Amino acid sequence: MRFLSEPSTDLTYSDAFLVPSRSDVTSRLDVDLAADDGTGASIPLVAANMTAVTGKRMAETMARRGGLAVLPQDVPLEVLRDVTAWIKSRHTFFETPVSLLASETVIDALHLMGKRPHGAVAVMDDDGKVAGVVRAADCEGQDRFASLASVMRQALVLDGSAFGAEPIAADAGTGSRDASLRRAFEAMDAAGTDFAPVQLGGSLAGVLTRKGALRSTIYRPLLDAAGKLKVAAAVGINGDVAGRAAELLAAGVDVLVIDTAHGHQQKMFDALAAVRSLDPAVPVVAGNVVTADATRELINAGANIVKVGVGPGAMCTTRMMTAVGRPQLSAVLECAAAARAAGGRIWADGGVRYPRDVALALAAGASQVMIGSWFAGTHESPGDLQTEANGRLYKESFGMASARAVQNRNQREGAFEKDRKALFEEGISTSRMYLDPARPGVEDLVDMITAGLRSSMSYAGAADLAGFRERAVAGIQSAAGYEEGRPVPQSW
């Protein structure tokens with residue numbers, strides 16, 4: 001990225017804009033979004049290791065669409081083992097179904113529908129075959145204890161064998177699979193439904209939606225060498241770092257993230273040394289930092305990727321509490337250049353609220369962009385779906401240094417130690433992240449973000465992210481300039 005005029009101060013994403021350049025890119029679908037950081041990601045988006053953001057549903061969905069999700073460091077090891085195994089067992093392009101027996105009740109279905117954006121439950125008979133489908137509309141006005149058999153509708157059931165075997169490489173057999181997905185889309189369109197269970201070998205293999213069929217022709221899943229979905233996991237810098245990291249690697253984690261709010265400290269270097277002593281065969285990420293010196297030192301100490309960002313996140317109060325941090329665009333620019341010179345890469349962590357911010361971070365040199373609170377307001381995040389009095393859906397989010405997170409992290413300690421540590425929180429303990437009615441699922445947000453990114457790259461004449469970094473031209477704007485670019489929802 002180069003600037004029309006050199007900035008005289010550090011910049012946030014809102015301070016900058018990109019200028020269009022001559023372009024030979026003829027289609028946005030010709031743009032390659034693959035990251036170059038060794039993770040194999042085919043889209044440059046990472047779901048953050050926040051308790052309110054990433055769980056097993058987020059991780060499988062992101063990997064199915066080519067991105068990473070990082071399981072939080074506060075989760076017990078035995079749970080992380082189970083979750084990793086569960087993610088690895090998921091189908092690479094069929095969505096995981098929500099299923100119940102025909103004898104179960106309407107209230108059982110309503111409790112589960114919010115777990116997935118497709119808002120449907122596959123109803124199974126006693127032999128494990130699909131008997132029908134129940135949507136939320138089918139439950140309106142019904143007795144909450146009525147059986148699903150009494151309210152279900154007939155389902156279009158797809159034959160899983162028509163899609164061939166699951167690929168062991170992301171781009172394997174895409175031609176024949178795309179043709180099968182097109183036929184599945186057309187079958188759903190003809191049946192007037194946007195949801196179809198998929199049966200394979202007499203059992204429920206997954207579900208497919210019309211949007212899901214379209215997405216599977218655009219996105220390449222993020223797969224390991226065995227053809228299983230990839231997942232990342234985080235460790236902190238305290239306690240038995242090597243022991244925990246070894247357990248995660250043995251569980252099959254594909255990227256290891258060493259995470260702390262202040263990454264340029266001795267305990268981080270000790271943690272990196274402990275992890276490197278295991279000789280891991282996966283990329284190691286360390287952070288967070290905001291300076292070139294810190295980036296170089298972490299890479300020299302063994303990090304493949306450095307996480308950049310202190311204080312830009314929506315749940316973070318660090319800058320207001322301590323004055324510590326740095327405007328994120330300038331931090332990304334400086335750290336990305338230092339990382340590449342040292343043979344490493346960076347992830348831009350935090351501060352993105354619109355697709356434009358993601359485009360700016362990648363143009364500035366980030367290999368991937370980590371997203372937290374934005375993804376918290378989706379069906380796939382771990383929180384319970386809640387409803388305001390006006391009917392608006394939301395989930396609760398909270399910062400990872402907040403009193404709520406600290407309390408969860410220190411639950412095994414005594415009351416005195418827990419209460420003493422609670423005095424030092426930095427972050428919001430509860431915030432409502434509303435589900436966008438038009439984009440309630442994380443896949444909807446990924447669609448929007450990657451669509452904006454593809455367009456941004458085509459404006460710059462870049463066919464891939466390396467070309468985007470090279471060709472991007474940026475300018476600095478006033479607050480009025482930023483406001484001018486915002487859409488106007490009603491007449492003035």
Side-chain angles (χ1 to χ4, degrees), residues 35-41 46-51 54 59 63 68-85 87-88 222 224-225 228 230-291 293-310 335 338-340 342-349 366-368 370 400-401 405 409:
D36 66 346
D37 55 10
T39 62
V46 182
N49 50 303
M50 294 171 64
T51 309
T54 298
L68 266 177
V70 185
L71 299 172
Q73 58 266 45
D74 295 344
V75 180
L77 266 174
E78 57 272 18
V79 175
L80 287 175
R81 288 191 205 98
D82 291 343
V83 168
T84 300
I87 293 164
K88 297 289 183 183
L222 178 54
D224 62 19
K228 306 298 184 184
K230 282 189 176 184
V231 63
V235 296
I237 61 172
N238 296 312
D240 183 9
V241 176
R244 189 174 179 88
E247 292 279 3
L248 291 173
L249 293 170
V253 164
D254 302 285
V255 179
L256 202 57
V257 179
I258 309 172
D259 183 71
T260 187
H262 178 29
H264 197 194
Q265 59 163 301
Q266 186 57 46
K267 289 181 78 172
M268 170 58 80
F269 293 106
D270 294 341
L272 260 174
V275 169
R276 276 298 168 202
S277 71
L278 303 172
D279 194 23
V282 303
V284 175
V285 186
N288 282 35
V289 302
V290 292
T291 64
D293 286 346
T295 301
R296 279 190 291 267
E297 289 186 42
L298 289 179
I299 291 172
N300 291 337
N304 304 109
I305 302 163
V306 174
K307 209 144 63 77
V308 174
V310 174
C335 294
R340 288 181 183 277
R345 299 292 185 267
I346 72 157
W347 288 353
D349 180 13
S367 289
Q368 300 205 56
M370 182 171 265
M400 291 305 289
R409 192 174 302 138

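In this text, all values refer to a predicted model and were calculated from it rather than measured experimentally. Both backbone and side-chain heavy atoms feed into the values below; hydrogens, waters and symmetry mates do not.
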Could you tell me which non-hydrogen atom of A234 sits nearest to which non-hydrogen atom of L248, and how far apart they are? O-CD1, 4.0 Å
Sidechain-backbone polar pair: T84 side chain, R81 backbone, donor-acceptor under 3.5 Å: no
Check whether D224 reaches the backbone of K230 with its side chain - one donor and one acceptor, N or O, closer than 3.5 Å. no
Hey, what do you get for CG (D270) to CD (Q265), rounding to the nearest 0.5 Å? 9.0 Å
With a 4.5 Å heavy-atom cut-off, do F269 and L298 have their side chains touching? yes
Rounded to the nearest 0.5 Å, how far apart are CZ of R345 and OG1 of T295? 13.0 Å
Please name the pair of heavy atoms, one in A286 and one in A303, separated by the smallest distance, quoted to 0.1 Å. CB-CB, 3.9 Å
Apply the side chain to side chain donor-acceptor pair (under 3.5 Å) test between Q368 and each candidate in D349, D36, T39; give the one that qualifies. T39
Pick one: which of L71, V70, L222 meets side chain to side chain contact (heavy atoms under 4.5 Å, CB included) with V231? L71
Is there a donor-acceptor pair under 3.5 Å between the side chain of T54 and the backbone N or O of A48? yes
Using atom types as modelled and distance alone, determine if a side-chain donor or acceptor of N304 lies under 3.5 Å from a backbone N or O of V284. yes
Are the side chain of R244 and the backbone N or O of G236 linked by a donor-acceptor pair below 3.5 Å? no
Counting N and O atoms only, with roles assigned by atom type, does the side chain of R276 sit under 3.5 Å from a partner on the main chain of G302, one being a donor and the other an acceptor? yes
So, taking the atom named CD in E247 and the one named CD in E78, what distance separates them when rounded to the nearest 0.5 Å? 10.0 Å
Value for CG (L68) from CG (D37), rounded to nearest 0.5 Å, stands at 8.0 Å
Closest non-hydrogen contact found for A245 with L256 is CB-CD2, 3.7 Å
Measuring only between side-chain heavy atoms, which start at C-beta, is V282 closer than 4.5 Å to V253? no
Return the minimal non-hydrogen interatomic distance between I346 and A339, and the atom names on each side. CG2-CB, 3.5 Å
Between A246 and L278 the two heavy atoms that sit nearest each other are N-CD1, 3.7 Å
Decide, yes or no, whether a salt bridge links K88 with D254 under the criterion of side-chain N to carboxylate O below 4.0 Å. yes
Min side-chain heavy-atom separation K307-C335 under 4.5 Å: no
Are the side chains of M370 and N49 in touch, meaning some heavy atoms are under 4.5 Å apart? yes
How long is the gap from CD1 on I305 to CD1 on I258, to the nearest 0.5 Å? 11.5 Å
Please tell me if the side chains of V310 and H264 come closer than 4.5 Å, counting only heavy atoms from C-beta onward. no
Side-chain heavy atoms of V289 within contact of M268, under 4.5 Å: no
